[in-house]
Amino acid sequence: MKIANVVRQHWAALRALLVLTVILGLGYPLLIWLVTWIPGLHDRANGSIIDVDGKPVGSSLIGQLYHDADGLPLPQYFQGRPSAAGAGYDTLSSGGSNLGPESMVDTPADPAKLATGTSPAEAGFRPSLLTLVCSRSVAVAQLEGLDIAAGSRPFCTESGVGAVLSVIGPRDRHGSVEYPTRVISVNEPCSATRKPFLPRYEGVWVECAVFGEDYSRGQIVPIRGTAPTSPQVPPDAVTASGSGLDPNISLAYANLQVPRVARARHTRSEQIRMVVQEYRSGRVLGVFGEACVNVLQLNLELDRRYPV
């Protein structure tokens, strides 16, 4: 290849590099920056930061925790939905739990490690999505002062664990157990004072699970129980959003928290409910999503009107 051709090709490549650098490295970022100054977009482009007395307290687009130093919910504040992003609303760990509807069986903790004072998580405990929902529902019911029946959910035990059995027995040609020979409660721990949540299943006594035994050969059967079809604790109170950063809650969850917040702020529920309605957002374009309330904006307004 002649030197002239080599020089020509490299010069063409250099010109292309310079043109693309100007267009994509300078022009495109400048265009996007100018677009962010369009009225209605500028606030979102800057993170929708909310200031109080000149100090930033959060973003209206990102949820946050309203807990005390011990990690307990502060009663004077509305609580957001659970978050699976890191330790909670961590923007660097944004995402869901990757647990789906088939996640019903917990990974148990090692009893030997628990006996030494190790936390359940460090002892290997990994809750299923079902148990996460059940435990959150019990926690919300206790926080809001609901009775056990009002806080119960289908397929959950009273203690807030997924009500799941491993049913062992001969299978038919479709893979279903024809009749059980053994039935094991795989999620809820048993003790001398706590028996399985269900005494018998199809005439067979329900056993307690033993750590280290494999019950995967059994058919996994969730037990619905007697919980109402529409639990008083709404879905967004027990499930995390896909991003883990959702700053909003449903009106149902907000109304559930009104009495607690009113008591903590020494005011009437009707006054708190009026503020909730003021900060209610309708459906996007009147069609998409559901009506919701921004938790940060609501809590800041309550601090202004009804400080603790």
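Not measured: the values here are computed from a predicted model.
Environment of CZ in F211: crowded, with over 12 heavy atoms of neighbouring residues, nucleotides or ligands closer than 6.0 Å.
Taking a 4.5 Å side-chain heavy-atom cut-off between Ile, Leu, Val, Met, Phe, Trp and Tyr, the cluster of M104 extends to V105, L130, F155, V164, I168, I184, V186, V210, Y215, I220. As a member of the Ile/Leu/Val/Met/Phe/Trp/Tyr network built from side-chain separations under 4.5 Å, L92 groups with nothing else and remains a singleton. Y201 forms part of a hydrophobic cluster together with L165, V167, V177, V183, F197, L198, V204, V206, V221, I223, judged by ILVMFWY side-chain heavy-atom separations under 4.5 Å.
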**Item:** S60 vs N294, side chain to side chain contact (heavy atoms under 4.5 Å, CB included): CA-CA, chis, key distance, verdict
**Value:** CA-CA 7 Å; S60 63; N294 187 278; 4.0 Å; yes

**Item:** Check against side-chain hydrogen bond (donor to acceptor under 3.5 Å, both in side chains), D236 and S250
**Value:** CA-CA 7 Å; D236 63 316; S250 66; 2.9 Å; yes

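Residue pairs meeting the side chain to side chain donor-acceptor pair (under 3.5 Å) criterion with at least one partner in residues 160-174, sequence neighbours excluded, do not occur; the list is empty. Applying the side chain to side chain donor-acceptor pair (under 3.5 Å) definition to pairs two or more places apart or across chains, those involving residues 61-79 are Y77-D303.
At a threshold of 4.5 Å between non-hydrogen side-chain atoms, the residues E122 and K113 do not count as touching. The side-chain heavy atoms of S159 and R194, taken from C-beta on, include a pair separated by under 4.5 Å. Taking 4.5 Å as the limit, some side-chain heavy atom of S94 sits within range of a side-chain heavy atom of S243. A 4.5 Å side-chain heavy-atom check between R305 and R265 finds every atom pair outside the cut-off. Taking 4.5 Å as the limit, every side-chain heavy atom of N248 sits out of range of all side-chain heavy atoms of V293. For the pair Y306/Q271, a side-chain contact is recorded, criterion being any heavy-atom separation below 4.5 Å from C-beta on. By the 4.5 Å heavy-atom criterion applied to side chains, L300 and L296 are counted as neighbours. Counting heavy atoms from C-beta on, the side chains of P108 and N187 never come closer than 4.5 Å.
The minimum heavy-atom distance linking G96 with A84 is given by the pair C-CB, 3.9 Å. In terms of heavy-atom proximity, A109 sits nearest to P120 at CB-O, 4.0 Å. For the residue pair P127 and L99, the shortest heavy atom distance occurs at O-CD1, 4.0 Å. Minimum heavy-atom separation, P199 to W205: O-CE3, 3.5 Å. The two residues S83 and G244 have their closest heavy-atom pair at OG-O, 2.6 Å. A pairwise comparison of heavy atoms in A237 and V140 identifies O-CG2, 4.0 Å as the closest pair.
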Under 3.5 Å, which donor-acceptor pairs do the side chains of residues 144-153 form with other protein atoms, sequence neighbours left out?
unit_1	atom_1	unit_2	atom_2	d
E144	OE1	R260	NE	3.0
E144	OE2	R260	NE	3.1
E144	OE2	R260	NH2	3.0
D147	OD1	A149	N	3.3
D147	OD1	A150	N	2.7
S152	OG	A149	O	2.8
R153	NH1	V233	O	2.6

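Note that the OG atom of S137 and the CD atom of Q232 stand 10.0 Å from one another [nearest 0.5 Å]. In this structure, OG1 in T239 is found 7.5 Å from CZ in R136, a value given to the nearest 0.5 Å. Taken from CD in E213 to CD in E207, the straight-line distance is 8.5 Å, to the nearest 0.5 Å. Taking CD from E290 and CD1 from I249, the interatomic distance works out to 14.5 Å, rounded to the nearest 0.5 Å. Here the straight-line distance linking atom CG of D106 with atom OG1 of T131 works out to 3.5 Å at 0.5 Å rounding. To the nearest 0.5 Å, the span separating CG on L298 from CD1 on I272 amounts to 8.0 Å.
When the side chains of ILVMFWY residues are joined at heavy-atom separations under 4.5 Å, either directly or via intervening members, L114 and F125 end up in two distinct hydrophobic clusters. Residues L65 and V308 fall into different hydrophobic clusters, defined by Ile, Leu, Val, Met, Phe, Trp and Tyr side chains chained together at heavy-atom separations under 4.5 Å. At a threshold of 4.5 Å between side-chain heavy atoms, the hydrophobic network of Ile, Leu, Val, Met, Phe, Trp and Tyr places L74 and V295 in one connected group. Note: the hydrophobic cluster containing L302 does not contain L143 (ILVMFWY, side chain heavy atoms under 4.5 Å, direct or indirect links). Tracing side-chain contacts under 4.5 Å through hydrophobic residues (I, L, V, M, F, W, Y), one reaches V276 starting from V261; they form part of the same cluster.
No side-chain donor-acceptor contact under 3.5 Å links R263 to the backbone of P75.
Applying the side-chain hydrogen bond (donor to acceptor under 3.5 Å, both in side chains) criterion to T21, with sequence neighbours excluded, gives no partner residue. In this view, D246 and R81 satisfy the side-chain hydrogen bond (donor to acceptor under 3.5 Å, both in side chains) rule, not counting sequence neighbours. Every residue two or more places apart in sequence or in another chain was checked for a side-chain hydrogen bond (donor to acceptor under 3.5 Å, both in side chains) with T107, and none qualifies. Take R304 and apply the side-chain hydrogen bond (donor to acceptor under 3.5 Å, both in side chains) test, not counting sequence neighbours, and it matches E301. Not a single salt bridge (Lys or Arg N to Asp or Glu O under 4.0 Å) links R15 to another residue, sequence neighbours left out. In this structure E270 satisfies the salt bridge (Lys or Arg N to Asp or Glu O under 4.0 Å) test together with R268, sequence neighbours excluded.
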